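So the structure is just underneath, and the comments pick up after that.
Please read these numbers as outputs of a predicted model, since none were measured by experiment. Naming convention: chains lettered A, B, ... in sequence-line order (proteins, then strands); numbering from 1 in each chain.
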Amino acid sequence: MKKTYLIKYVFLLFFVLSAAAAFAQTNVVSGKVFDETNQPLPGATVAVKGTQKSAGTDANGNFRITGLSNGTITLQVSFVGYKTMEKIVSVTGNVTVTIGLMPAANDLNEVVVIGYGTEKKKDLTGSIATVTAKDFNTGAVTTPEQLIQGKVAGVSIISNSGAPGSGSQILIRGGASVNGSNQPLIVVDGVPLSNDGIAGAASPLDLINPNDIATFSILKDASAAAIYGNRASNGVIIITTKKGKAGKPVINFNTQLSIGKLTKEAPILSPNQFRAYVKANGDSLHIAQLGTANTDWQKQIYQTSVSNDNNLSVSGTAGILPYRVSVGYTDQKGILKTSSLNRYTAGINLSPSFLNDHLKVDFNFLGSQQKERFANEGAIGAANNFNPTDPVYSGNSNFGGYYEIMDPNNPGTLKALAPLNPLGLLNEEQNRSTVYRGIGSLAVDYKLHFFPDVHANVSYGYDGSNGQGYNDFPPTAASQYVGAKDANGVIQHGSNTKYKTVIGNSTIDAHLSYSHDFKSAKSHVDAVAGYSDQNFTTTTTNFATYFSNGEVNPTTLPTYPTGIGQYDLTSVYGRVNYAYDDKYLLTGTIRTDVSTRFAPGIRTGNFPSVAAAWVISNEDFLKNNPVLTNLKLRVGWGKTGNQDGIGDYEYLGDYSLGTSTAQYQFGNTFYPVYRPGAFYANRTWEETATKNAGIDYGFLNGRISGAIDFYYRTTDHLLAQINEPALTNFANTIVANIGNMRDEGVEFNITGQIIDTKDISWTANINMTLNRNKITNLTAVANPNFPGLQTGGISGGVGTYIQLNQVGYTKYSYATYQQVYGSDGRPLDGVYVDRNGDGVIGSSDLVVRHSPDPQEYFGFNSDLRVKKWSVGFSARANLGNYLYNNISSSTGIESNFINGLGIDENGSSSVLKTGFVQGQYLSDYYLENASFFRMDNVHIGYNFGKVFKNTGDLKITGNVQNVFIITKYTGVDPESTTGIDNNQYPRPRTYVLGLNLTL
Amino acid sequence: MKRNSIKILLALGLLSFGITSCKKNLILIPNNQLTSEQVFSTPAGYTQAMAKVYGAYASTGNTGPYGNADIQGVDEGTSDFFREFWNCQELTTDEAVITYGDPGVQDLHNMVWDANNAVSRGLYYRSLYQITLCNNFIQQATPAMVASHSISGADAANIANYVLEARFLRAYQYWVLMDVFGNPPFATDATKIGSAIPPRIARKDLYAYIVGELKAIEPSMVAPNKNLYGRADQAAVWALLARVYLNAQVYTGTADYNDAITYANKVITTQGYGLITNFQNLMLANNNLNTIPGGGTVSEFILTINYDGTKTQGYGGSQYLTHASVGGSMPTAKFGIAGGYAGSRTTSNIISLFPTPPTTDGTKFPSNGDVDSRAEFWYPGQSETINSVTTFTDGLGVCKFRDVTIGGGAQGSDPNFADMDLPLFRVPEMYLIYAEAVLRGGTTGDAVTALGYINKIRERAYGSQPGGAGDITAEQLTLPFILDERARELFWEGHRRTDLIRYGLFTGGSYLWPFKGGAKSGVGVADYRNLFPIPQSDLAANPNLRQNPGYGN
C-alpha cells in the first residue's frame with residue numbers, strides 16, 4: 001500500500017508541529033489508533049469535531065490532544081484508505097482511548113499508481129483497475145498473476161497448464177494483435193519487464209514471489225496506457241511491491257501446506273474395454289498382442305503432490321530508514337511425477353528521505369533462485385496411448401526395467417513409432433534447470449527547494465536473469481534406443497544437453513513532474529515530462545550434446561558459441577492533468593518511441609492520447625445526495641504501439657550460417673551453407689487506437705460501487721503473418737504490417753459491502769466482460785479470394801491446421817467440415833456437408849466459425865467475515881469459448897487402436913460413439929463448446945487474535961483451489977490458452993492449510 | 001543556485017533529445033549473422049552461398065534435420081524438394097500408395113487435390129525458393145561484383161561456373177514448375193528481389209525460356225564428368241534438354257523428338273557414361289562410390305542430390321524413401337534404419353510388369369529371385385490386392401532404396417537419416433529417351449541403335465549377355481514397351497506422372513490402377529488434372545497469376 005506512506009509523513013510532520021504550538025490547555029485526551037490487523041497506525045488524523053483541535057498519530061500510533069474542557073466531545077479519526085470513524089468521549093480530566101480503523105471499501109481518495117506517477121482515484125480519467133493485497137486470491141499461489149485471476153473486468157488470466165510455475169496467458173480486452181505479442185506490458189517497481197521467456201523457467205513471472213506484491217494497477221484503455229506507448233497496446237500491469245512501514249519492526253510469517261490431486265482422468269478405454277474393442281475390430285496380429293495386465297497408465301504417471309510455501313518479512317524503520325526485508329521458500333511438487341519447483345526469494349525495500357523530505361530515495365530489489373525439474377509431458381499422451389493390457393515393468397533390466405513394445409519381426413529391437421512406456425518417459429529423463437533473477441530499481445526523487453511544486457525524478461532499473469539447465473537421458477532410456485554414431489562411427493546411447501541464457505534488461509528514466517493547486521482559479525494541474533532508455537540483451541550459449549559416455553555427439557557441435565539478441569527503446573513522454581473545481585478533468589499524454597527493431601527512418605512511433613471526465617456527483621444538484629455519492633463520466637481516446645513478437649534484426653535480411661547437419665557436399669567436401677534471411681524492411685509499429693467511454697459509480701458512500709466501460713479498439717498495420725508473392729523474398733510467409741482488426745466490448749463490475757457491521761461484514765464482487773473481435777483486413781490490396789492464414793497445428797496428420805485467421809472472422813477461428821450424422825445420431829465416417837455442391841469435399845467446404853476466446857467472461861468473488869471467522873470464494877465463468885478436442889480426434893479412431901504399424905494403441909473413448917475408422921481431423925464433431933463455470937477457490941479462515949501478551953496475531957486459513965467445474969466439454973479441462981486440447985498437463989485440485997503469524 | 005538548477009535541467013533535457021536522435025539511426029548487428037557484403041567478400045563465402053543454392057534441394061532448413069525451415073506453412077519434414085516432387089509424381093500414379101493422413105497426401109492418389117493442397121503447395125514454394133536463391137546468387141556474382149572484392153584468377157573462374165550452375169538449377173526448377181503447374185510466376189536475376197510482383201508466364205513461353213537458357217549456358221558449362229561430384233556439368237544440361245524436348249508436345253503442343261535424340265545422344269556418346277554392373281547397388285548408402293566398368297570414378301549418375309546421414313540431415317529425399325517404405329514384416333536392419341514408418345507401397349499394376357517371381361518368402365532379399373533384378377519387392381505379410389490405401393499390408397513393399405553400404409550391407413552413418421544420394425538424371429533415362437523419340441518419329445537417331453540401348457538396360461537387369469534372356473527383339477520395341485520399361489528401370493525415381501501424361505494415360509479412363517480417382521478398381525478422372533493448380537495462397541498474394549483451368553476462379 002504505497003499509496004499512504006508519503007502522505008503519512010507529510011501529515012506527521014504537520015501535526016507534530018501543530019501539536020508543539022498548542023500548549024496552554026487543561027484536559028488531555030490521548031490514545032492509540034490501530035488498523036484492521038491491530039497494528040499501530042501512524043499518521044492518522046484525530047480531530048475534535050466542531051473545533052479546530054486535532055492531532056496526528058506518531059510512529060507508534062499514539063496521539064495526544066490537549067486543552068480540552070470537560071464535557072462530551074466527538075473524536076473524528078481519519079486516514080487515507082480507511083473509513084473515517086467517530087467516537088464519543090466524555091472528557092473529565094485526562095482520558096485515554098483506543099480506536100480501531102477499518103479499511104474503506106472503495107475510497108475515492110485512494111492513490112492509484114499510474115505510469116510515471118500516482119493519481120487519486122477520484123481524479124482518474126482513464127480505465128484503470130487496481131487490486132490491492134487485501135483482495136488478492138489466497139491459497140497456493142506461485143505466480144503473481146494468479147493473485148488477480150477473476151478479479152478485474154476485461155482481464156482474462158488463464159494458467160497455461162497445471163505444471164508447477166507454468167505461468168498464465170494474460171489478455172486484457174482480448175489482446176490487440178494477431179502475430180505480434182498479445183501480452184500486456186508488466187512494470188515492476190518502475191522496471192518494464194521483457195516479455196521474452198527465461199531459459200529454464202516455465203514462466204518469467206514465476207520468479208517473482210507473490211507475497212512481496214502490494215498492488216496491481218491495470219491500465220486498460222489507451223488513454224491510460226499511452227504514456228507507456230511502445231509496448232502498451234495490450235494494456236499495462238503495474239506491480240508495486242510492499243514497502244517498509246513506519247514504526248517498530250513488524251514481523252510477519254506465513255506458511256502453507258498444500259496437497260494437489262488430479263481432478264479427472266482423460267476419457268480413454270479401460271483395459272477391458274480395450275480388449276473387447278481390439279477383439280471385435282482387430283486382425284489376428286493385433287489380437288495376439290493383447291496382454292493380460294490391467295494397467296491404468298494415468299494412475300501410473302500422476303501422484304498426489306505435497307507442497308509447502310513459507311514467507312517471512314520484517315518491516316519497520318531503522319533511524320531514518322524505513323525498510324522491508326522478506327525471504328520466501330517454496331517447494332512445489334507437480335501432480336505429474338518428477339515435476340517440481342523449488343524457489344528461494346528475497347525482497348528488500350528501502351525508502352529513506354533526506355533534506356526535510358525534499359530528497360526521497362526508493363530502492364527495491366527482488367531476487368530469486370529457482371530450481372525446477374520439468375517432467376516429460378509426452379508421458380501424458382503416452383499414457384493415453386500405451387496398451388493398457390501391457391504391464392508397467394518387464395521383469396528384465398532392459399530400458400531401466402520398464403516394459404516397452406518390441407518389434408515382433410525384428411527380434412530384440414524396439415518397435416519404431418510405438419508409444420514409449422509413460423512411466424519410463426518420466427523417470428528415464430532428468431530435465432533440470434537453475435534460474436537466478438534479480439529485479440532492482442533505484443529511484444531518487446528531488447523536490448526542488450526553490451520551487452517545491454516541481455519534482456525531479458531519476459531512476460535506474462535492471463532486470464537480470466541467468467537461466468541454465470540440462471536435459472539428461474541415461475543410455476538405458478527407451479527414448480535413446482536408436483542412438484547416434486560418435487566420431488568413430490560407433491553407435492552411442494544416452495544424451496546430455498545443456499543450455500544457458502543470460503538476460504540483462506536495463507532502464508534509465510528521468511522525468512520532471514509539476515503539481516500545483518491554483519486555488520483562485522479552482523484549478524489543479526499535474527504535469528510530467530520525461531525521457532527513458534531501455535536496452536534488452538539476451539545472450540544464449542550454445543552447447544553440443546554429449547553421449548552418456550562423455551563423448552560429444554559430432555552432429556550437434558554448435559555453429560556459434562553464443563547468440564546475442566538485443567534491441568533498444570528510447571522514448572520521450574509527457575502528460576498533463578487538469579482539474580477544474582473537482583468536476584471537470586482533462587488528461588493529455590504523448591509519447592515518442594524509437595525502436596531499433598525497425599529500419600532507420602521508420603522506427604519512430606508517436607503515441608498520443610486525450611481523455612476527459614466529468615464528476616457529475618460534484619455538481620450542486622448531486623453534491624449532497626445521500627444515495628448516489630459518486631458518479632463520474634469518462635471518455636478517452638489514445639493510440640499505442642506494439643513491437644513485441646518480432647525478431648530483433650529482421651529488417652536487415654542478413655545471412656546466417658547453417659548448422660553442421662545442414663551442410664552440402666561438393667566433391668568430397670561438405671560446406672556449411674550461408675542462407676539469406678527473409679527480410680521485411682518496411683516493418684514498423686503496429687498501432688492500436690482505443691476509444692473508451694465509462695461511468696464510475698458509487699452509492700451510499702462507496703458501499704456499492706463499480707464501473708461500466710465501453711471500448712472500441714482498432715489495430716492498424718497489424719503485425720500479421722501474410723503470404724509473400726513467391727520469388728519476392730526468402731520466405732513464403734512473413735510477419736508484415738498488413739491488415740486491420742477491431743475489438744469492441746463492454747466491461748462491468750459491481751462491488752457491494754452488503755453487510756458492514758462490527759461483527760459481520762460481507763463484500764461481494766461481480767465483474768463481467770463482453771468482447772467481440774473481428775479481423776477486418778489481411779491483405780495489402782483488398783482480395784475477396786484471400787484464403788486466410790492457416791494456424792493452429794494439430795496432432796494427427798503431420799502439418800494439419802485447424803484454425804484460420806480470415807477477414808470477417810474472429811482471430812484464430814476454427815475452420816472445420818460440417819459433420820453429417822446418421823439417423824441413429826452417430827456421425828458418419830468421412831461424410832460432410834458439401835457446402836458448394838461440387839460433389840467433392842474440399843477446402844471450400846470448410847466452415848469458419850467459433851474461436852477459443854470467450855465471448856463473455858465473468859468473475860465472482862465473495863468474502864464474509866463473522867467475528868473471527870472468514871469465508872469466501874472466487875469463481876469464474878467463460879461463455880462462448882470453443883475448444884478442439886485433439887485427443888479425441890487423433891486417438892479416437894479405429895486406425896489408431898488397430899493401426900497400420902501393427903501396434904495396439906489405446907485412445908479416446910469417443911471411438912465408441914463415432915465408430916470412425918480413419919482420422920476425421922477437420923470434422924466439427926471435435927469442436928466442442930467449452931463454456932464453463934469454475935469454482936477457483938473456496939477459503940475459510942479463523943483469526944485467533946493475540947496469542948501472546950499484546951502481540952502475535954495468528955490466523956489460520958484453509959483453501960480448496962479448483963474446487964469444481966461445470967461444463968459440457970468432454971475432455972479433461974475446458975480451459976485452454978491455445979484452443980487445442982492435446983494432452984495438457986492437468987490443473988490439479990489443491991487443498992491448502994495456511995498459518996499467518998504477525999508479531 | 002536557482003539559475004544553475006535550471007541550466008542542469010535544460011542540459012538534461014537536451015541530452016535526452018540528443019540521445020533519442022542518435023538512436024534513430026543506431027544499427028544493432030546480430031553477432032552470428034553476416035551482411036551480404038561480408039558473405040560475398042571471399043571465394044569461400046561464394047562457395048558457402050552456393051552450397052545453399054544446391055543445398056535447398058537436400059535440406060529443408062538451416063538447422064538439420066528440423067527447426068529452421070526454408071518454407072513456411074507446411075510441415076518442415078515434408079517440405080523437402082524430392083519428397084514433395086516424388087509425392088506429386090508417384091503418389092498420383094500406379095507406382096505408389098501411402099498410409100499417411102497428412103494434409104493433402106491422400107488427395108493425390110485419389111486425384112481430388114484442390115488449390116490448397118499442402119503437398120503441391122510445398123513443391124511450388126520449394127521450387128520457387130530455390131529459384132530465388134539462384135537469382136540472388138547470380139546478382140551477387142556478376143563479374144563486376146566479383147572483381148570489386150578483388151577476387152580473380154581460378155577463384156573468379158570458379159564463381160563464374162557457379163553462376164552457370166545457378167542458371168542450370170533455376171532452369172531445372174522452372175522445368176519442374178512447367179511440368180507440374182504449367183503457368184507459374186516468373187522472375188530472373190534481371191529483377192531485384194522484392195522490387196516487383198512477378199508476372200505469370202505461360203507454359204509455352206516458359207518452355208522457350210528453359211530451352212533458350214539451357215542452350216545459352218551449354219557451351220560454357222564445365223565439361224562432362226569434370227566438375228566436382230554433386231555439381232552440374234554440361235551433361236546435366238544435355239540431360240535436362242533431352243527430357244524437356246521429349247515432352248515438348250505436352251508443354252507446347254509441338255513435338256521436338258529430333259532434339260530429344262540429339263541431346264540424349266550427346267550424353268550417351270560422351271566418354272565415361274554407361275551403366276554400373278549391378279542395378280541393386282544403385283540406391284544404397286554409399287552409392288556415390290559406384291563406378292562403371294573402366295570408368296574410373298565415373299558413375300551412371302549425371303547429377304545427384306547429395307544427402308548425408310550426419311552432415312545433411314532431413315526427413316525428405318532418401319531418408320523418406322528408405323524409411324516411409326518400410327513396415328509390416330520388412331527387416332529394418334536390411335534397410336539400415338532404426339525403424340520404418342510404414343507408409344508407401346506399390347500396386348499390382350507395377351508388379352504385373354515383371355516376370356512372376358519364383359519366391360515370395362523374402363529369402364532372396366532384396367528381390368525375389370526374379371530374373372529381372374529390378375523387381376525389388378517385399379511379399380511376406382503383404383497382399384497384392386489393395387482394399388485400403390491406408391493399410392500398410394495392402395500392396396507390396398518396395399526394397400529398392402536401402403541405406404546400407406554396397407557389398408557389406410552395413411548401416412549408413414546414422415540410423416535415423418540416410419546417406420544415399422538421389423540421381424536427378426542417370427544414363428538409362430537417356431537410352432530410354434533416345435528409343436522413345438525414335439519410335440515417336442524422331443529422325444536424328446535410328447531403330448537399331450535404340451534397340452541396342454534398350455537391351456543394354458535389360459542385360460544389366462537380367463545379368464545376361466547380349467543375345468541372352470534379357471534382350472528383346474525389334475518387334476517388341478514399341479511405345480507401350482518403352483513406358484513399361486521406364487516403370488521397371490526408373491521405378492520410384494520421380495518420372496511416372498510425367499510419363500503417363502505423355503502417353504495420355506494419366507487422366508481419363510483408358511488406363512486404371514487401384515484407387516485411381518478414389519475407387520478401388522480405379523475410375524477415370526478429368527483431363528484438367530494433368531496440371532496441378534496454382535496454390536491459392538500465391539494466387540491471393542500475386543494478382544498477376546491465374547488459376548489453371550478446372551480449379552475454379
Do [X] and [Y] have side-chain N/O donor and acceptor atoms under 3.5 Å apart?
{"X": "A:Arg675", "Y": "B:Asn68", "answer": "yes"}
{"X": "B:Tyr54", "Y": "B:Glu165", "answer": "yes"}
{"X": "B:Tyr66", "Y": "B:Asp75", "answer": "yes"}
{"X": "A:Ser571", "Y": "A:Asp593", "answer": "yes"}
{"X": "B:Asp538", "Y": "B:Tyr124", "answer": "yes"}
{"X": "B:Gln33", "Y": "A:Ser656", "answer": "no"}
{"X": "A:Asn535", "Y": "A:Asp568", "answer": "yes"}

Answer with side chain, backbone, both or neither: which region of [X] has an atom nearer than 4.5 Å to a non-hydrogen atom of chain A?
{"X": "B:Ala196", "result": "backbone"}
{"X": "B:Phe40", "result": "side chain"}
{"X": "B:Asn32", "result": "both"}
{"X": "B:Arg126", "result": "neither"}
{"X": "B:Glu76", "result": "neither"}
{"X": "B:Ala115", "result": "neither"}
{"X": "B:Thr78", "result": "side chain"}

Top of [options] for chain B proximity - count of heavy-atom pairs under 4.5 angstrom:
{"options": "A:Val840, A:Asn732, A:Asn899, A:Thr659", "result": "A:Asn732"}
{"options": "A:Phe730, A:Tyr921, A:Phe786", "result": "A:Phe730"}
{"options": "A:Val673, A:Thr661, A:Thr562", "result": "A:Thr661"}
{"options": "A:Ala416, A:Pro725, A:Gly902, A:Gly565", "result": "A:Pro725"}

Select one option (side chain, backbone, both, neither) describing which atoms of [X] are under 4.5 Å from chain B's heavy atoms.
{"X": "A:Tyr801", "value": "side chain"}
{"X": "A:Thr669", "value": "neither"}
{"X": "A:Thr779", "value": "neither"}
{"X": "A:Ile491", "value": "side chain"}
{"X": "A:Tyr560", "value": "side chain"}
{"X": "A:Gln663", "value": "both"}
{"X": "A:Leu417", "value": "side chain"}
{"X": "A:Phe598", "value": "neither"}
{"X": "A:Gln918", "value": "side chain"}
{"X": "A:Asp648", "value": "neither"}

Legend entry - A:Tyr649 and B:Ile29: CA distance, side-chain angles, deciding distance, side chain to side chain contact (heavy atoms under 4.5 Å, CB included) verdict: CA-CA 7 Å; A:Tyr649 311 110; B:Ile29 301 286; 6.0 Å; no
Inset, instruction - For the residue pair A:Phe666 and A:Tyr664, categorise the inter-ring angle as parallel (less than 30°), tilted (30 to 60°) or perpendicular (more than 60°). - result: perpendicular
Legend entry - Near-ring test A:Tyr573/A:Tyr531, centroid separation under 6.0 angstrom: no
Legend entry - pair A:Tyr674-B:Asn62: side-chain heavy atoms closer than 4.5 Å: no
Inset, instruction - Flag this pair as yes if the NZ/CZ of B:Lys311 is under 6.0 angstrom from the six-membered ring centre of A:Phe670 and inside a 45 degree cone about the axis; otherwise no. - result: yes
